[in-house]
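Quantities reported herein were computed from a predicted structural model and do not represent experimental measurements. Convention: sequence-line order gives letters A, B, ...; per-chain numbering from 1.
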2 protein chains.
Amino acid sequence: MPKTSAVLATESVRQPAKSTATRRKILDAAARTFRDKGYAATTLNDIADAAEIRAASLYYYFRSKEDLLEAVFGIGMQRVVDAVRQRSAALPANATLAQRIEVAIEAHLEMLLQQGDYTSANIRIFGQVPKSVQRKQLPLRQDYAEFWRELLETAQRSGEIRPEIDLGIMRMLIFGALNWCTEWADPKKGPVREIARQACLLVLNGIAAEGKLRKK
Amino acid sequence: MPKTSAVLATESVRQPAKSTATRRKILDAAARTFRDKGYAATTLNDIADAAEIRAASLYYYFRSKEDLLEAVFGIGMQRVVDAVRQRSAALPANATLAQRIEVAIEAHLEMLLQQGDYTSANIRIFGQVPKSVQRKQLPLRQDYAEFWRELLETAQRSGEIRPEIDLGIMRMLIFGALNWCTEWADPKKGPVREIARQACLLVLNGIAAEGKLRKK
DNA sequence: GTCTATAAGGTGATAGAC
DNA sequence: GTCTATCACCTTATAGAC
């Protein structure tokens with residue numbers, strides 16, 4: 001059973017459909033507003049407006065603003081982890097580095113840019129949120145980092161990644177290139193596919209023409 | 001005359017030294033606090049505490065919280081632009097792409113990670129700040145983007161950058177890899193030089209070993 | 001489940017003494 | 001130049017009617 005269900009489902013499965021729908025509406029509204037304005041600048045009234053209810057009604061579903069934030073964060077992170085893991089698992093066992101990187105980058109970017117605001121909210125505002133909330137998200141984040149760490153380490157051991165590459169630093173540089181897309185990329189103005197393709201070019205081969213390779 | 005002076009200097013050069021020093025202290029405090037907590041979550045009391053004055057005294061130097069933010073942003077952006085431009089100008093006219101990229105990446109990262117909180121505040125919280133403030137920063141940001149656009153375009157025309165690279169997308173991916181360093185890199189835990197070196201490896205050649213290059 | 005009313009506290013900003 | 005005192009407003013959260 002995937003972890004997803006624990007995070008995505010409402011606590012009680014037997015709750016009436018209306019309640020579940022409203023809860024989802026609130027979460028959607030919160031994710032979008034947090035993403036756009038940041039956590040502190042978002043008021044419960046902003047969220048309530050977007051969800052078409054009164055601010056006080058939020059407390060029927062969530063104990064506090066922080067609780068709501070945690071729910072949004074959990075869903076957002078779990079979605080990336082699931083998407084990247086699932087698509088990678090679908091690859092043949094003898095898939096190349098290029099194929100594995102390509103699939104992972106594409107899944108990551110799609111979650112970030114197309115699949116709603118939960119993931120992008122998590123990525124964008126994580127650094128400016130109460131430390132207590134950050135701490136609770138660490139396990140899930142490390143889980144995801146671990147996936148990439150393994151992917152890159154295996155490839156370096158097999159000789160597909162050059163030995164002078166520092167995998168710890170490189171992983172964060174790659175995350176940066178991808179995550180920063182929330183700040184500028186607009187799926188309506190250009191296909192995510194093309195961004196993913198360029199990101200693969202960068203990560204695998206860089207931008208320099210052959211024969212003009214850097215010495216050291 | 002560099003634009004710097006207009007932004008860095010106090011309005012009136014004839015103001016007593018004490019006033020100028022306090023102003024600088026406030027700016028330093030604001031940059032650090034904005035950077036760490038975000039704009040909305042930072043109160044004027046936070047800044048006043050860090051600057052060792054009372055909140056009301058801030059209004060002797062700045063009209064409003066937003067004014068203070070604009071001042072911090074302006075300084076931060078101007079510093080990157082100046083640093084990158086100056087160091088690039090010091091290169092010989094026939095410098096290679098690798099040399100130019102290396103110098104630009106190093107200067108950018110040093111401003112971001114070593115040279116104080118103004119630049120990192122700008123980079124980190126820009127997306128979650130009132131739209132009116134963002135708009136005022138656009139000219140300076142475009143100025144910097146223009147520098148990179150030229151650098152990359154010249155290199156692609158001369159054949160140093162492969163033709164299948166989309167320079168618009170690639171520039172943003174590179175910015176992302178670099179800017180994201182504010183979220184994880186700690187100059188006390190590892191030299192910025194090493195991060196810059198790895199970033200150059202990534203940008204110029206990627207991570208793949210030769211002979212394992214991606215087909216398409 | 002959702003609402004109105006309201007509490008309790010903090011926020012940016014101003015007035016005016018020193 | 002810096003302070004204390006204060007204002008008007010907005011925020012999260014709770015109480016209790018419906």
Side-chain angles (χ1 to χ4, degrees), chain A residues 9-31 33-34 36-73 125 128-133, chain B residues 9-31 33-34 36-73 125 128-133:
Chain A
T10 322
E11 300 79 52
S12 163
V13 184
R14 303 195 190 287
Q15 270 192 5
K18 187 182 177 192
S19 166
T20 309
T22 306
R23 191 189 148 93
R24 166 61 43 157
K25 223 171 158 186
I26 292 170
L27 283 168
D28 284 351
T33 319
F34 283 154
D36 290 341
K37 306 184 33 167
Y39 175 66
T42 296
T43 71
L44 294 179
N45 245 317
D46 292 336
I47 298 172
D49 280 357
E52 296 177 295
I53 54 169
R54 301 289 157 194
S57 307
L58 294 171
Y59 288 89
Y60 178 78
Y61 298 93
F62 300 93
R63 263 177 230 266
S64 66
K65 189 185 177 186
E66 224 174 88
D67 256 45
L68 186 44
L69 174 68
E70 278 173 34
V72 169
F73 269 11
I125 73 175
Q128 277 122 50
V129 127
K131 292 272 173 286
S132 58
V133 179
Chain B
T10 321
E11 300 80 50
S12 163
V13 184
R14 303 198 188 283
Q15 268 191 8
K18 188 183 179 191
S19 166
T20 310
T22 305
R23 191 189 148 92
R24 166 62 43 158
K25 222 172 158 186
I26 293 170
L27 283 168
D28 283 352
T33 318
F34 284 154
D36 290 340
K37 307 186 31 169
Y39 176 66
T42 296
T43 71
L44 294 179
N45 245 315
D46 292 336
I47 298 173
D49 280 357
E52 296 176 292
I53 55 169
R54 301 290 156 193
S57 307
L58 294 171
Y59 288 88
Y60 178 79
Y61 297 92
F62 299 92
R63 262 174 230 264
S64 66
K65 189 185 177 188
E66 224 175 89
D67 256 44
L68 187 43
L69 174 68
E70 277 172 36
V72 169
F73 270 11
I125 73 175
Q128 276 121 49
V129 127
K131 293 272 172 285
S132 58
V133 178

* Round to a whole Å and report the spacing from CD1 of I47(A) to P of dT11(D). => 12 Å
* Choose from dG1(C), dG1(D), dC3(C) the nucleotide whose nearest atom is closest to any side-chain atom of S19(A). => dG1(C)
* To do: Could you tell me whether the phosphate oxygens of dT2(D), OP1 or OP2, come under 4.0 Å of any side-chain nitrogen or oxygen in Y61(B)?
  => yes
* Structure fact -> Rounded to the nearest 0.5 Å, the CD atom of E52(B) sits from the OG atom of S57(B) at a distance of 12.5 Å
* Enter the distance from L44(A):CG to I53(A):CD1 here, rounded to the nearest 0.5 Å. => 10.0 Å
* Send over the distance from Y60(A) OH to dA13(D) P, rounded to a whole Å. => 19 Å
* Asked: Are T22(A) and dG1(C) close enough that a side-chain N or O sits under 4.0 Å from OP1 or OP2?
  -> no
* Structure fact -> To the nearest 0.5 Å, atom CG of D28(B) lies from atom OG1 of T33(B) at 10.0 Å
* Which parts of nucleotides 11-18 of chain C does protein reach within less than 4.0 Å, heavy atoms only, written one letter per nucleotide 5' to 3' as B for base, S for sugar-phosphate only and - for none? -> SSBB----
* Looking only at side-chain N and O atoms, does S57(B) come under 4.0 Å of OP1 or OP2 in dG1(D)? -> no
* Close side-chain approach of Y61(A) and L27(A), heavy atoms under 4.5 Å -> no
* Structure fact -> Rounded to whole Å, the CZ-C1' distance (R23(B) to dT2(D)) equals 17 Å
* **Nearest-0.5 Å distance, CD of residue E66(A) to CG of residue L68(A)** => 11.0 Å
* Say you draw a straight line from CG of D49(A) to CZ of R54(A); how long is it, rounded to the nearest 0.5 Å? -> 7.5 Å
* To do: Would you kindly give the CD1-to-C1' distance between I26(B) and dC3(D), to the nearest whole Å?
  => 14 Å
* L58(A) CG to dC3(C) C1': how many Å, rounded? -> 13 Å
* **K65(B) side chain to T42(B) backbone, donor-acceptor under 3.5 Å** => yes
* Round to the nearest Å and state the distance from K25(A) atom NZ to dG1(C) atom C1'. => 14 Å
* Asked: Taking CG from L69(A) and P from dT11(D), how many angstroms apart are they, rounded to a whole number?
  -> 17 Å
